[in-house]
> 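Provided herewith is a single structure, encoded as structure tokens, for subsequent inquiry.
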There are 2 protein chains.
Amino acid sequence: MKKVFFDKIGIIGVGLIGASFALAVRERKLAGEIWGYSLSGKSSQRALELGILDRKVDDLAIIAQECGLIVVSTPVLTIPGILAELAAHVKRETIVTDGGSVKSFVYDAHKLFHHKNFIGGHPIAGTEKSGPDAGFSSLFDGSCCILTPFRDTDEGKLEKTRDIWEAVGMNVVAMSPEEHDSVMANISHMPHAIAFSLVNSVRGKTVSGNKITTLAGGGFRDFTRIARSDVVMWSDIFISNSKNIISSLEDFEESLRRLKRIIADGEKSEITDYLEETRLVLVNNSKK
Amino acid sequence: MKKVFFDKIGIIGVGLIGASFALAVRERKLAGEIWGYSLSGKSSQRALELGILDRKVDDLAIIAQECGLIVVSTPVLTIPGILAELAAHVKRETIVTDGGSVKSFVYDAHKLFHHKNFIGGHPIAGTEKSGPDAGFSSLFDGSCCILTPFRDTDEGKLEKTRDIWEAVGMNVVAMSPEEHDSVMANISHMPHAIAFSLVNSVRGKTVSGNKITTLAGGGFRDFTRIARSDVVMWSDIFISNSKNIISSLEDFEESLRRLKRIIADGEKSEITDYLEETRLVLVNNSKK
């Protein structure tokens, strides 16, 4: 692994991702100082108190002028505005990257920066918790980080961005923004939409006067974990990637209709075939 | 907690549930001996080798004649046949209970036993793993066990069945078989059907030549865990509880259609309202 170090790293949005990144950087001594900014000033204040940040900054321009690497990890709809402000102040060598779960905005973002400072990114990591208190340094260990460079992206800046994510434990892969948004719709955004809908669909259902969910076993519990995810983060994702999500949901609805029809038919061999076919999706996968 | 002890406990079907029950009973010294029978003889042999059973029995009649408590934990479509065979041999005081995830068969089962030996049960516990090697003594800790007694059920036998499940760590509740099957469709069978369909819906999808699932983050991973569940167990459940499952799936499809429409509309406040409404299902629940 390549050695990577920045005198100052700036983190915009010190939630689960931002705080965990700061902790991972700190643990591995990848920065001299870690500065942070948050939209309301609350999470950067909290992160400062927790010792996650070295300095709380309330002016984006200062972060832009002083930090060699800036990671924007705020809800996805707020990222373009933040990038526009950073673009007005960054130095030639500054690297700006982000953790947004949808990458449709990166075309405009790329054009904003005169020195090709911006590298779109997405560390695929998270829990159902949010805020700086939820951060932990091993969040990224072994997970995948997607970068979305362009043909004319600055190679040196791309390299360093890759290095820092690898240094905190991630496997970095590159793909186009469109590919990213389509893949993420399938493996993350659609599953979340389904989990929200599933929990929503049992609201008001009771058993012996108690909510049905008081009896929930393992299967349901996994869905409820997801359904506790941050509301602002997820509404931003649903809005930003709506076309891909709806298309993935339509594929899912077709698979579900097929299973429903097979269950209604009651032919055991048809059901086991469907379930085996499903297992195969995973079995072949883990061989890779 | 009431003290409960059986000289011999018989376990029919020594998979995840049967083996875990045996280990929990052993750890808590709730039986003199634990005997086991399995449909193919393989899992009882393996459980004997693992020290989970004291004796492997290949004749159901012997279990029926010798054991004071018999727990049937085989795939649900096989349970009625096993109960019929046990019913022909059990003694007056023998308690027969089961772990079937669907309880529609218990009316017939109840009538089979001349001494009201049968108490329908369902410990709501499990993992995606199966077989005796997957068993562990704390599987039932803190989870819910549903019993489905009738008006003329033997009170003493019901009491002892409740005691043994409580002794291995479960919270026991009673409800009617219909109520059980409807609740389980909502909190377990429907979520599993959805997880299978979701994984099924991304089959064949690739990114840069790799299966899409190689990139899967937390959200998808929860679903794939479920989708690895035992195929025979789940096809039996889908067949036995098809009407309730289809009805729950229809409620879910309606919730999903609503979310899809809201996502397509792109009104942030509508999406956050939907997500907040969903969180509320869980928040109020955990207060109970």
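Computed from a predicted structure; not experimentally measured. Below, chains carry the letters A, B, ... as their sequence lines are ordered, and counting in each starts from 1.
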> So which bits of residues 170-178 of chain B come within less than 4.5 Å of chain A, counting non-hydrogen atoms only?
V173(B), M175(B)
> State whether the number of non-hydrogen atoms from other residues, nucleotides or ligands found under 6.0 Å of K129(B) atom NZ is greater than 12.
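Not more than 12 within 6.0 Å, no.
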> If you round to the nearest 0.5 Å, how far is CZ of F223(B) from CD1 of I187(A)?
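Rounded to the nearest 0.5 Å, the CD1-CZ separation comes to 12.5 Å.
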> To the nearest 0.5 Å, how far apart are CZ in F238(B) and CD1 in I263(A)?
5.0 Å
> Got a sec, which residues hit side-chain contact (heavy atoms from CB on, under 4.5 Å) with S138(A), two or more places apart in sequence or on another chain?
F136(A), D141(A)
> So for A193(B), is it side chain, backbone, both, or neither that comes closer than 4.5 Å to the heavy atoms of chain A?
both
> What part of L259(B) gets closer than 4.5 Å to chain A, counting heavy atoms only: side chain, backbone, both or neither?
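For L259(B), the side chain is the part near chain A, not the backbone.
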> Look at atom CD of E254(B) and say whether more than 12 heavy atoms of other residues, nucleotides or ligands are closer to it than 6.0 Å.
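No, because the 6.0 Å sphere around CD of E254(B) holds 12 heavy atoms or fewer from other groups.
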> Taking all atoms of both residues into account, what is the closest heavy-atom pair of F252(B) and L256(A), and its distance?
CE2-CD2, 3.8 Å
> Excluding sequence neighbours, so at least two apart, what forms ring pair (Phe, Tyr, Trp, His ring centres under 6.0 Å) with F140(A)?
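F140(A) satisfies ring pair (Phe, Tyr, Trp, His ring centres under 6.0 Å) with W165(A) only.
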> Who are the side chain to side chain donor-acceptor pair (under 3.5 Å) partners of S20(A), not counting sequence neighbours?
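Result, side chain to side chain donor-acceptor pair (under 3.5 Å) vs S20(A): none returned.
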> Say you draw a straight line from CD1 of I212(A) to CG of N186(B); how long is it, rounded to the nearest 0.5 Å?
4.0 Å
> Checking heavy atoms, do the side chain of E250(B), its backbone, both or neither come under 4.5 Å from chain A?
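For E250(B), the side chain is the part near chain A, not the backbone.
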> Which region of I146(B), side chain (C-beta onward) or backbone (N, CA, C, O), has a non-hydrogen atom less than 4.5 Å from a non-hydrogen atom of chain A, or is it both or neither?
side chain
> To the nearest 0.5 Å, what is the distance between CG (L280(B)) and CZ (R203(A))?
10.5 Å
> Which one of T278(A), L77(A), N200(A), I271(A) has the most heavy-atom pairs closer than 4.5 Å to chain B?
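Maximum pair count with chain B is reached by N200(A).
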> Has the side chain of K268(A) got a donor or acceptor atom that lies under 3.5 Å from a matching backbone atom of S235(B)?
no
> Heavy-atom pairs under 4.5 Å with chain A - which of D236(B), L198(B), V232(B) has more of them than the others?
L198(B)
> Distance check, rounded to the nearest 0.5 Å: K205(B) atom NZ versus S182(A) atom OG?
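Here the rounded value is 7.0 Å.
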> Mind ranking E253(B), E270(B), E128(B), R257(B) by heavy-atom pairs under 4.5 Å with chain A and telling me who comes out on top?
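Most heavy-atom pairs within the cutoff with chain A belong to E253(B).
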> Which atoms of I262(A) come close to chain B, meaning under 4.5 Å heavy atom to heavy atom: side chain ones, backbone ones, both, or neither?
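Looking at I262(A), nothing touches chain B.
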> Examine whether an atom of K243(B) lies under 4.5 Å from a heavy atom of chain A, and if so say whether it belongs to the side chain, the backbone or both; otherwise answer neither.
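Neither part.
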> For residues M190(A) and S201(B), report the shortest heavy-atom separation together with the two atoms involved.
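Minimum heavy-atom contact is CE-OG, 3.9 Å.
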> Report which part of S229(B) has an atom under 4.5 Å of a heavy atom belonging to chain A: side chain, backbone, both, or neither.
backbone
> With a 4.5 angstrom heavy-atom cut-off, is it the side chain or the backbone of L249(B) that approaches chain A, or both, or neither?
side chain
> To the closest 0.5 Å, what do you measure between OG (S197(B)) and OH (Y274(A))?
3.5 Å
> Which heavy-atom pair separates V281(A) from K211(B) by the least distance, and what is that distance?
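Heavy atoms of V281(A) and K211(B) come nearest at O-NZ, 3.3 Å.
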